[in-house]
There are 2 protein chains.
Amino acid sequence: MADEKFPEIQGGGSLILAWQVRNKKVLVVGGGEVAAGRILNLLNADAKVILISPRDGLNPEVAYRIERGQVTYHDKLFEPSDLDDPAITMVMTAVDDPEASTRIWKLCKEKRIAANIADVPPECDFYFGSVHRDGPLQIMVSTNGNGPKMANIVRRRIAATLPPNIGEAIAKVGALRKKLRVLAPGDEQGPKRMKWYVLSRKLA
Amino acid sequence: MADEKFPEIQGGGSLILAWQVRNKKVLVVGGGEVAAGRILNLLNADAKVILISPRDGLNPEVAYRIERGQVTYHDKLFEPSDLDDPAITMVMTAVDDPEASTRIWKLCKEKRIAANIADVPPECDFYFGSVHRDGPLQIMVSTNGNGPKMANIVRRRIAATLPPNIGEAIAKVGALRKKLRVLAPGDEQGPKRMKWYVLSRKLA
């Protein structure tokens, strides 16, 4: 049967995507421990982080990021006009005020800005997972809400079984691909094609 | 030094997110092999896929999805009015027409709709990675553009080293957490707390 050639739909998963936030403005509302984690994720992806939170009760890591000038900081409570900048591509809130959170979520949806309201799954366009990072390599583990601690365990297990130099190796492959792109611009090279080029360079 | 307590920023990564597209409309433009992959990802995440592509030259897997009613299909070329439905949350194009693609990208940006234009990295809000799936567990490998084939190798390696029953185990943890949430509603239970409840049930 022709039908059996194609994968069956599993359902129940997420669409896991590598979001490109380099030099894009992302608004973080809140300055606690959860916000600190969000900010770290964002800075590791080269986002321009705009942080809105009263200075009172700032998490030490968040305060450290502010001191170092790693985020653009506004010592204030959130106001709807904070979403007026059309360059804001994403909003993440982590505040202990469900009503304020819901208000922010609704404003984001009106403006079609992707948002994550911490601890309120129905008010999230996206969830976070447990991420292992080694240079250009990123591995994200999601249990789709079944067990965040399990995600951490699986992530640590994966990290322990990977060759220690894998990130470096991938960076080298990337550099090689870049060189090949210069040699053969416009060419979408698969491994066969790459081998051919490498060989032809060696023989030349 | 207090500074050393906090992780250094690595930069150059992506923000890897588990996007929630369940019952949300996602527009796919194009009906080739790349579109087939996009559609499978979307259906596995329970999205409502709207597919726009002339019937001529449809990939067999795409044709199979249409036949089975797994996508809402429009046998036509893309028109700007296809983006008018405010319920469309995401757009993915995979067509062999760079000019048409760029036009779609610009329209999406005007409307603040997240988009991925296949093979045009600067016209992508997000990239895909290599994903391993086992029930509720999803593991996504990204090399941040350094080597898609390497991502596949790493993903297969990870899949081979995971315990074969890990997906099932995570589903069981999820079911247990759900039960505990009924026993202790509103409680964000960590493992200690969970142990306590399990123990108290056993003793009761």
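Atoms considered below: every heavy atom in the structure, side chains included; atoms not considered: hydrogens, waters and symmetry mates. Letters A, B, ... mirror the listed sequences (proteins, then strands); counts begin at 1.
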- request: Give a yes or no answer on whether the side chain of Asn44(B) reaches the backbone of Gly13(A) with a donor-acceptor pair at less than 3.5 Å.
  value: no
field: Arg65(B) and Glu61(B) ion-paired at < 4.0 Å
entry: yes
message: How close do Leu107(A) and Pro80(A) get, counting heavy atoms only, and between which atoms?
response: CD1-CB, 3.8 Å
task: Go through the atoms of Pro121(A) and report whether side chain, backbone, both or neither lie under 4.5 Å from a heavy atom of chain B.
output: neither
Most contacts with chain B, counted as non-hydrogen pairs under 4.5 angstrom, among Ser14(A), Ala45(A), Ala47(A): Ser14(A)
task: Heavy atoms only, distances under 4.5 angstrom: which of Ser130(B), Pro163(B), Ala114(B) has the most pairs with chain A? Name it, please.
output: Pro163(B)
Exercise: do Glu123(B) and Ser101(B) side chains pair donor with acceptor under 3.5 Å: no
- prompt: Any sub-3.5 Å donor-acceptor pair from Asn152(A)'s side-chain atoms to Lys149(A)'s backbone N or O?
  reply: no
message: Looking at Asp97(B) and Ala100(B), would you say the former's side chain and the latter's main chain have a donor-acceptor pair under 3.5 Å?
response: yes
task: Tell me, out of Arg133(A), Met150(A), His132(A), who's got the most heavy-atom pairs with chain B below 4.5 Å.
output: Arg133(A)
statement: Highest number of heavy-atom pairs under 4.5 Å with chain A among Ile139(B), Asp134(B), Thr143(B), Leu17(B) belongs to Leu17(B)
field: Gln138(A) side chain vs Val131(A) backbone, donor-acceptor pair below 3.5 Å
entry: no
Part of Lys172(B) within contact of chain A (heavy atom distance under 4.5 Å): neither
query: Pick from Gly129(A), Ala151(A), Pro60(A): which one has the most heavy-atom pairs with chain B under 4.5 Å?
result: Pro60(A)
- prompt: What part of Lys24(A) lies closer than 4.5 angstrom to a heavy atom of chain B: side chain, backbone, both or neither?
  reply: side chain
message: For the backbone of Ala115(A) and the side chain of Asp125(A), can you confirm whether one donor and one acceptor N or O come within less than 3.5 Å of each other?
response: yes
statement: Of Leu137(A), Ile9(A), Leu162(A), Asn116(A), the largest count of non-hydrogen pairs under 4.5 angstrom with chain B goes to Ile9(A)
- request: Anything under 30° is parallel, anything over 60° is perpendicular, the rest tilted; go ahead and classify Tyr64(A) against Phe6(B).
  value: tilted
query: Which answer fits Gln70(B), side chain, backbone, both or neither, if we ask what part of it has an atom under 4.5 Å from a heavy atom of chain A?
result: side chain
message: Between Tyr73(A) and Ser53(A) (side chain of the first, backbone of the second, donor and acceptor by atom type, cut-off under 3.5 Å), is there such a pair?
response: yes
Check: Pro136(B) main-chain N/O paired with Asn144(A) side-chain donor or acceptor under 3.5 Å: yes
message: Heavy-atom pairs under 4.5 Å with chain A - which of Pro148(B), Gly167(B), Ala175(B) has more of them than the others?
response: Pro148(B)
- prompt: What residue in Gly174(B), Ser142(B), Gly147(B), Ala171(B) has the most heavy-atom pairs under 4.5 Å with chain A?
  reply: Ser142(B)
- request: Using a cut-off of under 4.5 Å on heavy-atom pairs, state which of Ile158(A), Ile166(A), Val21(A), Thr89(A) scores highest against chain B.
  value: Ile158(A)
Segment of Arg157(B) engaging chain A (4.5 angstrom heavy-atom cut-off): side chain
Backbone of Arg55(A) reached by a side-chain donor or acceptor of Asp75(A) within 3.5 Å: yes
- prompt: Would you find a donor on one side and an acceptor on the other, under 3.5 Å apart, between the side chain of Lys106(A) and the backbone of Glu110(A)?
  reply: no
message: Counting only non-hydrogen atoms closer than 4.5 Å, does Arg155(B) touch chain A with its backbone (N, CA, C, O), its side chain (CB onward), both, or neither?
response: neither
- request: Please list, in residue-number order, every residue in residues 25-43 of chain B that has a heavy atom less than 4.5 Å from any heavy atom of chain A; write 'none' if there are none.
  value: Leu40(B), Asn41(B), Leu42(B), Leu43(B)
